[in-house]
Every structure is written in C-alpha cells, then in structure tokens.
Amino acid sequence: SANATPEFEGRGGEELGTEIASTLYRVFSCESSVDLKSLCINPREHCWVLYVDVLLLECGGNLFDAISIAVKAALFNTRIPKVRVLEDEEGSKEIELSDDPYDCIRLNVDNVPCIVTLSKIGYRHVVDATLQEEACCLASLLVSVTSKGALTSMKKVGKGSLDPESIFEMMETGKRVGKSLHIALQKILDEEESLGTSRQKVGFLG
C-alpha cells in the first residue's frame, strides 16, 4: 500500500514486491513445505491452485518475518472444498462440488517454514531488528526454518558482506529462534481455533 511508506507512492513498491515474491517462491519451492498431493483432484488432469496475496499496510522492519508468519497462518486457516469427479458413459468427466460448506479438507502446515531475519551489526547479529538497528546494518541473512529447526533456504540481503564464521553463527541462531517462533505461532493458532464461531471479529471486515 502507498500508505505504508512514502517510498511506495506511484510504482515505488514494485521492486520490493518483486523481491518478496521471489523470496516466497524460493522458500516454498521446497517439496516438503506443502503436501501438493493433497491439492490433487484428478491425477494429471485437475488440481487446486493456491494464490497468496500480501498487502503491506505499514513498514516497521522485519517484513519477511511478518509475511512468512502471515502466510503460515493463512494456510492453517485454509479450507479446501471436497469435490468428486463424475464420469459419464461417453467418458467425459465432470467435477461436482460438495454443497456442505463444512465438508472440506485442510492443509498440513507442520513443514511450512517461517523466515527469520538476522541483521549483522558490527561483530554481532540481532534478531527482530528495529528500524534504527536496520539503519546500522550493512548485511542481513534471511533463513527459512521449519518447526523442527531444519533450514530450507537462505538468502543474503544488503550491500555488505558476511564472513563464513558469522554465517554459521547466524544459521544456528536462526534455527533456535525459528523453532521458538513456530511454537508461539502454533499456540496462538490453536487458541483461535478452539474459540470456533464464538471468537471476536476484529477489523473493518468484522
């Protein structure tokens, strides 16, 4: 959104949008992230295609971390209607959608990674950097971590360089922080899920 920062006015946000899209593509290109077989309707013919739209309303640092958390939460809440493939005598196939809105399947998000951004400042690195800390940072390392602490991808951003020793330290920190992040996120998602229809609706869509 152009309201997120003055830099986004006009076509100013296109470059960042492209970078976010390419980063998410890289993170989710790992086969184990999402069980693609669960999206199959009819082998080699029909399948569900999921699109994720991200709208940035405010820029306050750690965009990739926040986006990855939002994506995992969205996939957790995704409901895919159950369908049946009917074939007539002539061999033509027709897809029939279930009339029951609760007759649906859910995605397994256990292996969906979250991104942890580690910002190098001097000889140290920080997690969840503020805008002031980001201004002092010459290079950052983005690591995508699963709930079991496995690294699925890694990307360096910024104009500065990172020495191998720093990279290994940042990777270990990213694994540890990533596991804690998944635990905290899953706890919140489970709490929201337990409320069912009684949960309070928040925001202009409520």
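Everything numeric here is computed off the predicted structure, so don't read it as measured data. Only heavy atoms go into these numbers, but all of them, side chains included; no hydrogens, no water, no symmetry mates.
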| Check against side chain to side chain contact (heavy atoms under 4.5 Å, CB included), V27 and S68 | CA-CA 9 Å; V27 167; S68 68; over 6 Å; no
Validation row: [X], [Y] side chains within 4.5 angstrom (heavy atoms):
{"X": "H125", "Y": "S166", "value": "no"}
{"X": "L107", "Y": "L39", "value": "yes"}
{"X": "T23", "Y": "V157", "value": "no"}
{"X": "V177", "Y": "D128", "value": "no"}
{"X": "P81", "Y": "W48", "value": "yes"}
{"X": "L141", "Y": "K120", "value": "no"}
{"X": "K175", "Y": "L151", "value": "yes"}
{"X": "L162", "Y": "M170", "value": "yes"}

For I121, the hydrophobic cluster (side chain heavy atoms closer than 4.5 Å, chained through members) also holds V126
As an exercise, state the distance from [atom1] of [X] to [atom2] of [Y], rounded to the nearest 0.5 Å.
{"X": "S119", "Y": "E134", "atom1": "OG", "atom2": "CD", "answer": "5.5 Å"}
{"X": "L142", "Y": "S153", "atom1": "CG", "atom2": "OG", "answer": "8.5 Å"}
{"X": "R176", "Y": "L181", "atom1": "CZ", "atom2": "CG", "answer": "13.5 Å"}
{"X": "L138", "Y": "S161", "atom1": "CG", "atom2": "OG", "answer": "8.5 Å"}
{"X": "F168", "Y": "T173", "atom1": "CZ", "atom2": "OG1", "answer": "13.5 Å"}
{"X": "S38", "Y": "I105", "atom1": "OG", "atom2": "CD1", "answer": "5.5 Å"}

What heavy-atom pair brings [X] and [Y] nearest, and what distance separates the two atoms?
{"X": "A129", "Y": "N62", "value": "O-ND2, 2.8 Å"}
{"X": "K179", "Y": "S147", "value": "CG-O, 3.9 Å"}
{"X": "S33", "Y": "P113", "value": "OG-CD, 3.8 Å"}
{"X": "L118", "Y": "G174", "value": "CD2-N, 3.9 Å"}

Under a plain distance cut-off of 3.5 Å, with no hydrogens placed, do S140 and T117 share a side-chain donor-acceptor pair?
no
- Query: Do you see a donor-acceptor pair shorter than 3.5 Å between the side chains of S32 and N111?
  - Reply: no
With a 4.5 Å cut-off on side-chain heavy-atom distances among I, L, V, M, F, W and Y, is there a chain of contacts connecting L97 to I41? yes
Cluster link V109 to I80, ILVMFWY, side chain under 4.5 Å
yes
For the pair F28 and V71, evaluate side chain to side chain contact (heavy atoms under 4.5 Å, CB included) and give the outcome as yes or no after the intermediate values.
-> CA-CA 11 Å; F28 285 94; V71 168; 3.6 Å; yes
Could you tell me whether K156 atom NZ has more than 12 heavy atoms of other residues or ligands within 6.0 Å of it?
yes
Checklist entry - Heavy-atom count around R84 CZ within 6.0 Å, excluding the residue itself: above 12? => result no
Contacts table for residues 187-195: side-chain donor-acceptor under 3.5 angstrom, sequence neighbours left out:
| unit_1 | atom_1 | unit_2 | atom_2 | d |
| --- | --- | --- | --- | --- |
| D190 | OD1 | Q186 | NE2 | 3.1 |
| E192 | OE1 | R199 | NH1 | 3.1 |
| E193 | OE2 | R106 | NH1 | 2.7 |
| S194 | OG | E191 | O | 2.6 |

task: Go through the steps for I115 and I67 under the test side chain to side chain contact (heavy atoms under 4.5 Å, CB included), then give the verdict.
output: CA-CA 8 Å; I115 297 173; I67 288 169; over 6 Å; no
Taking E133 for its side chain and T130 for its backbone only, find out whether a donor-acceptor pair lies under 3.5 Å.
-> yes
So, R79 side chain and N77 main chain: donor-acceptor pair closer than 3.5 Å or not? yes
Residue set satisfying salt bridge (charged side-chain N to carboxylate O under 4.0 Å, His left out) with E45, at least two apart, ordered chain then number -> K93
Would you sort out whether F64 and L24 count as a side chain to side chain contact (heavy atoms under 4.5 Å, CB included), showing the intermediate values? CA-CA 9 Å; F64 293 95; L24 288 179; over 6 Å; no
